[in-house]
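Shown below is the structure under consideration.
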Amino acid sequence: MKRWGIRQRVLLVALAPVVVFGIAAGIWMVLHRLAELENGLVERGRATARQVAATADYGVFSGNTESLVSLIEAARRERDVSGIMVSSRDGDLVVSGGELSPEAYVPGRRPAGLALIELEHSLMFIEPILRSAVLDDPDVFDGLSEMRADRQPVGWVLVEVSRQRVDAMKGDFIVTTAIVVAVALLAASAFAMRISQTVTGPVREVSRAVRRIGEGDLSARVSVFGGGSLRVLAEGVNGMAERLLRARDELEARIADATRQLRSRTDEAERANHAKSRFLAAASHDLRQPMHALGLFVAELAERLRGSEHRTLIRQIEESVGAMEDLLDALLDMSKLDAGGVTVRRSEFPLQPMLARIVEDFAADALQRGLRLKLRATDLWVESDPLLLERIMINLLSNAVRYTQRGGVLVVVRRRGASAVIEVRDSGPGIPPEAHDMIFEEFYQLQNPARARG
């Protein structure tokens, strides 16, 4: 019931009293009518038995069976009377008429006070036959005082009444009452459904409109009809939808304007970035030439001052020049990539010769720093651009050797399905998890905020 909607609840409120009252009234009517039919049958049987007993005393007393037969035949014309028996004081049969049950032919005296026997399909009424006052008159039986003192029944009347017609009437009445109650309930249900529709129809229309508005259909509207709270509710929903529609249109207009401005600025920034990239790509030779010359000058200076007290300063200058060359190469490589000046040339080649050559190039630098540099041999072939892959590996191995203070660096190749995974492992400080996304930004360097892009 907690999950019922408003229509089910209105129907329950409207139908529950009607159903309860209709069923209760139907049951009361059936019980009352059945009791009336039963009482009527009992009263008719008892009245017939008394009437026959009141008029049969003379026939029993005198032994006039013809008068008793006439009396029985007349009494049998009563409705539902199926048979009548007149017996003597001792229960012996005198006369009978109609159809009687076997229980009616029980010999012997009738028990005192027994007036009604209920059988499966009939009722038997037993009434004593008493002498009337006329038979007690001394002029009639002069000198027979012992008879006048005997007030015992002179006989018995047994009247059997059939229940067939009453049972049929009971069944018909139950069926009729059930049909009437069912028709009344159906009519009440139809009326309640009609009432519930007029009550819940506007509410359900409002709920459908609200659901459509919640799903984004701001054109949904509710029909305004009736008065009172329903009208206020419908007008409120329509007003809300109208205001939401205007707010959405205004927001879409603002978003469209902001999108146009952002697109314009983005296009300008992209054009400027492409221009910068094209410039750097075009000027890469001119930018590399001074750095190359500076490297030669530093090498010449180191040769001339070999063994002097300035060797530490010269080594620091060489490291600075090397870092500047690496940074310039990275800058020019990214400029070429942005400008579309780099063409990928894929081919199949073994990894071992390329990795061995790169490790050999960094072996002296690693030995000077006191690091163990090792390559785990591999026989894998890959399909890639060998020059670009070599550049990537040089950058990774250079960083590993440069930033590892003690321990070693290991280069490993592993097969993973149809691909090969190249790993450069070192015992350096590593990269914290919170910086994993930032290291892919241009010119970002850990522990160097001046190089970080803000």
Side-chain angles (χ1 to χ4, degrees), residues 32-170 173:
H32 182 71
R33 181 57 178 167
L34 294 183
E36 286 185 347
L37 292 174
E38 189 70 21
N39 292 334
L41 182 65
V42 171
E43 292 298 329
R44 284 194 301 275
R46 183 175 287 116
T48 303
R50 288 175 179 175
Q51 180 181 3
V52 174
T55 57
D57 56 345
Y58 180 77
V60 173
F61 178 79
S62 63
N64 189 352
T65 57
E66 293 182 0
S67 63
L68 292 176
V69 170
S70 300
L71 179 62
I72 288 174
E73 293 299 326
R76 282 185 56 207
R77 297 189 183 95
E78 292 291 333
R79 188 171 52 185
D80 301 323
V81 175
S82 59
I84 300 177
M85 172 192 292
V86 176
S87 60
S88 65
R89 173 183 298 182
D90 296 328
D92 298 329
L93 176 63
V94 178
V95 291
S96 65
E99 296 180 1
L100 293 170
S101 300
E103 291 82 359
Y105 297 98
V106 178
R109 298 175 61 90
R110 302 293 181 182
L114 182 61
L116 174 62
I117 298 176
E118 293 188 10
L119 302 178
E120 183 178 359
H121 300 292
S122 63
L123 296 176
M124 288 195 306
F125 298 89
I126 302 175
E127 190 73 19
I129 302 174
L130 301 176
R131 286 200 303 261
S132 65
V134 176
L135 296 179
D136 289 338
D137 190 348
D139 295 334
V140 176
F141 300 100
D142 189 14
L144 299 178
S145 57
E146 66 278 6
M147 293 185 179
R148 292 195 299 267
D150 189 3
R151 299 300 299 173
Q152 295 296 322
V154 298
W156 304 89
V157 173
L158 186 146
V159 177
E160 185 170 356
V161 179
S162 175
R163 305 178 64 99
Q164 182 177 359
R165 188 183 65 86
V166 173
D167 289 342
M169 292 178 63
K170 289 181 180 180
F173 185 77

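Please read all numbers here as calculations on a predicted model, not as lab measurements.
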Margin query: Taking CD in Q164 as the centre, count heavy atoms belonging to other residues, nucleotides or ligands within less than 6.0 Å. Is the count above 12?
Written below: no

Margin query: Within this structure, what is the OG-CE distance for the pair S82 and M124, rounded to the nearest 0.5 Å?
Written below: 10.0 Å

Checklist line | Those residues that, when tested against E36, pass salt bridge (charged side-chain N to carboxylate O under 4.0 Å, His left out) (two or more places apart) | finding: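 Applying salt bridge (charged side-chain N to carboxylate O under 4.0 Å, His left out) to E36 gives R33.
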
Checklist line | Pairwise side-chain contact, V161 with F125, heavy-atom cut-off 4.5 Å (strictly under) | finding: yes

Next item on the list: Sequence neighbours left out, what passes salt bridge (charged side-chain N to carboxylate O under 4.0 Å, His left out) with R50? Give chain and number order.
Entry: none

Item checked: Heavy-atom closest pair, residues S96 and L93 -> CB-CD1, 3.9 Å

Notebook entry, point to check: For the residue pair S88 and W156, what are the closest heavy atoms and their distance?
Noted result: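 For S88 versus W156, the nearest heavy atoms are O-CD1, 3.2 Å.
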
Next item on the list: Quick one: list whatever passes side-chain hydrogen bond (donor to acceptor under 3.5 Å, both in side chains) with S122, sequence neighbours left out.
Entry: E160

Checklist line | side-chain hydrogen bond (donor to acceptor under 3.5 Å, both in side chains) partners of R163, counting only residues at least two apart | finding: E38

Note to self: Could you check whether any side-chain heavy atom of I117 comes within less than 4.5 Å of a side-chain heavy atom of E103, counting everything from C-beta outward?
What the structure shows: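 In short, these two side chains do not touch, never coming nearer than 4.5 Å.
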
Check: What's the shortest heavy-atom distance between L130 and D57, and which atoms?
Finding: O-CB, 3.3 Å

Checklist line | Minimum heavy-atom distance between I84 and L100, given as atom pair plus value | finding: N-CD2, 3.8 Å

Check: Who passes salt bridge (charged side-chain N to carboxylate O under 4.0 Å, His left out) against E120, sequence neighbours left out?
Finding: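 For E120, no residue satisfies salt bridge (charged side-chain N to carboxylate O under 4.0 Å, His left out) once neighbours in sequence are set aside.
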
Next item on the list: Quick one: list whatever passes salt bridge (charged side-chain N to carboxylate O under 4.0 Å, His left out) with R79, sequence neighbours left out.
Entry: none

